[in-house]
Amino acid sequence: MKAPILIVLGFLTLIIFVSYAKAGETTEPGQTHEVELQVGEIFKVCKSGIVVCPAIVSICDDPNIVTLVNTPDGLGFKGVAPGTTLCSVGTTVGPRRLFRVTVR
């Protein structure tokens, strides 16, 4: 009975490590990712490959410039007004990612 449980735990551990490695392929912890948007445009965070989704505990410093939106592909940043702000995205796998979003 212990062998099947150990096999399942081994597979879960492998999945977590592979997901974490995939998140680190395009970015390093502490790196700020530059995003440029037009007013009304949406940047699909989850689809960008920078973040392993589902995204949790996401926030933007100035919601008058960028708001968080749900898209069919997961979390998105929507440009609201011209300016620049920082947005942070947490996930269940890997470190938080920081974005500097400029809306033109």
| request: Look up atom CZ in Arg100 and atom OG1 in Thr32, then write down how far apart they are to the nearest 0.5 Å. | output: 5.0 Å

| message | Can you confirm whether Ile59 is buried at CD1, in the sense that more than 12 heavy atoms of other residues, nucleotides or ligands lie under 6.0 Å from that atom? | response | no

| query | Under the side-chain hydrogen bond (donor to acceptor under 3.5 Å, both in side chains) test, which residues partner Gln38, sequence neighbours left out? | reply | none

| request: Report yes if the side chains of Ile50 and Val45 come closer than 4.5 Å at any heavy-atom pair, otherwise no. | output: no

| said: Test of understanding: with side chain to side chain contact (heavy atoms under 4.5 Å, CB included), list the residues that count as partners of Asp62, not counting sequence neighbours. | reply: Asn64, Ile65, Thr85

| Which heavy atom in Ala55 sits nearest to a heavy atom in Thr91, and how many Å separate them? | CA-CG2, 4.4 Å

| message | Are Pro82 and Arg104 packed together at the side-chain level, in the sense that at least one heavy-atom pair is separated by less than 4.5 angstrom? | response | no

| message | Do Val35 and Leu68 land in one hydrophobic cluster if side-chain heavy atoms of ILVMFWY residues count as linked below 4.5 Å? | response | yes

| request: Among Ile, Leu, Val, Met, Phe, Trp and Tyr joined by side-chain contacts under 4.5 Å, find the other residues sharing a cluster with Ile42 and list them by chain and number. | output: Val69

| salt bridge (Lys or Arg N to Asp or Glu O under 4.0 Å) pairs, two or more places apart, involving residues 84-93 | none

| note | With sequence neighbours left out, the residues meeting side-chain hydrogen bond (donor to acceptor under 3.5 Å, both in side chains) with Glu41 are none

| remark: What one should report as the nearest heavy-atom pair of Gly90 and Ser58 is N-OG, 4.2 Å

| note | Between Cys46 and Gly74, the two heavy atoms sitting closest are SG-CA, 4.0 Å

| task | Could you list all the side-chain hydrogen bond (donor to acceptor under 3.5 Å, both in side chains) pairs where at least one residue sits in residues 65-81, not counting sequence neighbours? | result | Lys44-Asp73

| Would a distance-only check, ignoring hydrogens and angles, find a side-chain to backbone donor-acceptor pair under 3.5 Å from Arg97 to Val52? | no

| query | Is any side-chain heavy atom of Val39 closer than 4.5 Å to a side-chain heavy atom of Val80? | reply | no

| message | Applying side-chain hydrogen bond (donor to acceptor under 3.5 Å, both in side chains), can you list everything that pairs with Thr84, at least two apart in sequence or on another chain? | response | Thr102

| remark: disulfide bond (SG atoms under 2.5 Å apart) pairs touching residues 66-104, sequence neighbours excluded, are Cys60-Cys87

| Which pairs count as ring-ring contact (aromatic ring centres under 6.0 Å, His included) when at least one residue sits in residues 44-63, sequence neighbours excluded? | none

| note | Residue set satisfying ring-ring contact (aromatic ring centres under 6.0 Å, His included) with Phe99, at least two apart, ordered chain then number -> His33, Phe77

